[in-house]
Amino acid sequence: MYGKAFAPEYQGELGAALNVNSSYEDVLATAVRARRDARTDVERARASLAVAEANRRLGRVDDARTAWRESYRSARATGDRGAMSWALWSGGTLARQCGSLALARRLLTHAVTLADEGGDRLAHGYSLAGLAETGRIQGDYEAVADLHEQLLDQARAHGEPRHMVWAMSGIAQIHRNTGDYAKALELFEEAARIAADGDDARGRAWSLRGVADVLSVQGETERALALLTEAETICRAMDLASALAYNHKMRGNVLFRAGRYTEACEVYAGALREFEEMHEPRGTALSRLGLVKSRSRLGGSKDETLAELDALERDFGRIGLRHARDMVIAFRAELLPSASGSPAAPYGATTHRSPAVPATS
């Protein structure tokens with residue numbers, strides 16, 4: 001059994017004023033007031049952490065970067081290792097969102113150490129989860145599969161639905177990307193149920209996106225689009241700018257798979273604008289890939305498509321997104337079937353599974 005979801009990044013008085021489903025504009029306004037009224041470094045560190053997280057979720061990366069550093073400095077002034085860990089967790093999560101994966105790993109690794117030294121179990125778990133997600137989005141599945149399972153066990157042991165949903169969704173995504181769609185769908189649907197029971201709207205939105213993705217691969221286009229509409233409603237209610245942009249990119253994926261290329265182009269273009277406004281290079285590159293593929297299907301120039309694919313391959317390589325780079329190589333092979341070489345097998349794939357449909361095609 002699990003309790004109701006909660007948000008441990010809202011600490012002290014903020015924990016009483018806010019909850020896991022608070023809109024991020026409300027979080028930001030409350031946290032800014034708390035930071036202004038802070039009387040101690042501990043209070044300032046807590047308030048700045050909430051300011052950082054609200055700005056990050058709203059896509060205001062410069063303000064988020066300034067705030068997590070303020071949180072860390074205030075925590076360091078008091079010698080509070082747990083609070084220092086939370087600040088670095090926020091900074092590492094922001095770095096991952098901005099495509100700086102090496103920096104994300106450094107910050108999150110240091111956050112794990114500080115949380116361990118400070119005896120903050122929740123900060124330790126969140127920082128480990130951040131490391132696991134960083135490896136997963138890179139496509140380094142073998143390296144992080146065990147860590148995802150450990151986090152799932154911890155969430156079960158402590159009855160924490162939010163972490164349960166996160167870990168289960170992460171494992172589901174690995175199964176999905178390696179071709180085990182039945183298992184992925186089972187886990188995504190269970191994650192969505194746990195999120196609903198735990199009153200975790202954000203977790204439900206992310207889980208529904210995963211369910212929609214797998215249903216789309218299986219040809220259930222209308223069901224997938226309906227679930228994305230439900231998830232979009234949640235994202236808008238909570239001001240989840242980044243999650244909303246990824247929802248739109250997934251809608252583009254669904255339309256692309258259904259052969260509705262003109263619609264896919266329109267949706268990908270909108271997602272691209274959203275990601276560019278947030279300075280989020282991973283989402284930007286993935287949306288560009290969707291646009292390139294859709295335009296190609298509509299009869300675009302092969303030479304222009306190949307040039308754009310070359311640029312995207314460099315971007316994915318620079319960011320460190322191995323799975324996404326494989327998708328570029330796979331689409332190039334479709335255009336140039338006689339070209340030498342072939343896309344690398346998805347990380348963690350096994351020979352008895354059917355070939356995986358690219359996660360972000």
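Values reported hereafter were calculated over all heavy atoms of this structure, with side chains retained and with hydrogens, waters and symmetry mates removed.
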Do Lys249 side-chain atoms and Leu244 backbone N/O form a donor-acceptor pair below 3.5 Å? no

With side-chain contact (heavy atoms from CB on, under 4.5 Å) as the test, would you mind laying out the steps for Tyr246 and Arg282 before giving the verdict? CA-CA 10 Å; Tyr246 275 105; Arg282 174 174 170 249; 3.1 Å; yes

Give a yes or no on whether a salt bridge exists between Glu277 and Arg273, defined as a side-chain N under 4.0 angstrom from a carboxylate O. no

Output yes when a side-chain donor or acceptor of Thr284 lies under 3.5 Å from a complementary backbone atom of Glu280, and no otherwise. yes

Leu103 with Tyr72, same ILVMFWY side-chain cluster at under 4.5 Å: yes

For the pair Glu313 and Arg332, evaluate salt bridge (charged side-chain N to carboxylate O under 4.0 Å, His left out) and give the outcome as yes or no after the intermediate values. CA-CA 10 Å; Glu313 184 177 358; Arg332 183 189 293 120; 2.7 Å; yes

May I ask you to test the His124-Leu128 pair for a side-chain heavy-atom distance under 4.5 Å? yes

Is the closest basic N to carboxylate O distance between Glu43 and Arg46 below 4.0 Å? no

Supply the atom-to-atom distance Arg251 CZ to Thr229 OG1, rounded to the nearest 0.5 angstrom. 4.0 Å

Between Asp120 and Arg81, is any pair of side-chain heavy atoms under 4.5 Å apart? no

Determine, using the 4.5 Å side-chain heavy-atom cutoff (strictly less than), whether Val214 and Leu227 are members of one ILVMFWY cluster. yes

Could you tell me whether Glu25 and Arg60 make a salt bridge, using a distance below 4.0 angstrom between a side-chain N and a carboxylate O? yes

Of His323, Met327, Arg325, which meets side chain to side chain contact (heavy atoms under 4.5 Å, CB included) against Phe316? Arg325

Test item: Asn21 side-chain N/O and Ala201 main-chain N/O as donor-acceptor pair under 3.5 Å: yes

Is Arg297 paired with Glu334 through a side-chain N to carboxylate O contact shorter than 4.0 Å? yes

Quick test of your reading of the model: are Arg322 and Glu142 salt-bridged, counting only N-O distances below 4.0 Å? no

Do you know the tightest heavy-atom contact between Ala245 and Met278? CB-CE, 3.7 Å

With rounding to the nearest 0.5 angstrom, report the CG to OG distance, Leu107 to Ser85. 11.0 Å

Quick one: do Leu306 and Leu336 satisfy side-chain contact (heavy atoms from CB on, under 4.5 Å)? Show the steps, please. CA-CA 9 Å; Leu306 291 172; Leu336 300 173; 3.9 Å; yes

Short question: side chain of Ser100, backbone of Arg96 - any donor-acceptor pair under 3.5 Å? no

How about Ser48 and Trp68: do any of their side-chain heavy atoms sit closer than 4.5 Å? no

Can Arg76 and Asp41 be counted as an ion pair, charged N to O under 4.0 angstrom? no

Shared hydrophobic cluster, Ile319 / Leu312 (ILVMFWY, side-chain heavy atoms < 4.5 Å): yes

Under 4.5 Å between any side-chain heavy atoms of Phe6 and Asn19, yes or no? no

Which of Asn253, Val292, Leu286, Leu255 passes side chain to side chain contact (heavy atoms under 4.5 Å, CB included) with Tyr268? Answer is Asn253

Got a salt bridge between Arg35 and Glu70, using NZ or NE/NH1/NH2 to carboxylate O under 4.0 Å? yes

So if I apply the side chain to side chain contact (heavy atoms under 4.5 Å, CB included) rule between Leu321 and each of Leu101, Asp315, Val328, which one comes out positive? Leu101

Nearest 0.5 angstrom please: Ile194 CD1 to Asp200 CG, how far? 10.5 Å

Verify, without hydrogens or angle tests, whether Glu9 (side chain) and Glu53 (backbone) share a donor-acceptor contact under 3.5 angstrom. no

When rounded to the nearest 0.5 Å, the distance separating CG of Leu151 from CG of Asp146 is 11.0 Å

Just so I know, are the side chains of Cys98 and Val61 near enough to count as touching, which here means a heavy-atom distance under 4.5 Å? yes

When you compare the side chain of Gln138 with that of Arg105, does any pair of heavy atoms fall below 4.5 Å? yes

Is Asn247 reaching over with its side chain to a backbone N or O of Leu228, donor-acceptor style, under 3.5 angstrom? yes

Rounded to the nearest 0.5 angstrom, the CD-CG distance for Glu266 and Leu291 is 10.5 Å

Heavy-atom distance under 4.5 Å between the side chains of Ile174 and Arg136, does that happen here? yes

Just verifying a value: how many Å separate Leu49 CG and Ser71 OG, rounded to the nearest 0.5 Å? 5.0 Å

Same hydrophobic cluster for Trp206 and Trp166, using side-chain heavy-atom links shorter than 4.5 Å among ILVMFWY? no

Are Trp86 and Leu14 in one and the same hydrophobic cluster, where Ile, Leu, Val, Met, Phe, Trp and Tyr link if side-chain heavy atoms are under 4.5 Å apart? no

Please evaluate residues His163 and Tyr126 with respect to the criterion ring pair (Phe, Tyr, Trp, His ring centres under 6.0 Å), reporting the C-alpha separation (whole Å), side-chain torsions for both, the decisive distance (0.1 Å), and the verdict. CA-CA 8 Å; His163 248 209; Tyr126 272 60; 4.4 Å; yes

When you measure from the side chain of Asn55 to the backbone N and O of Val51, does any donor-acceptor pair fall under 3.5 Å? yes

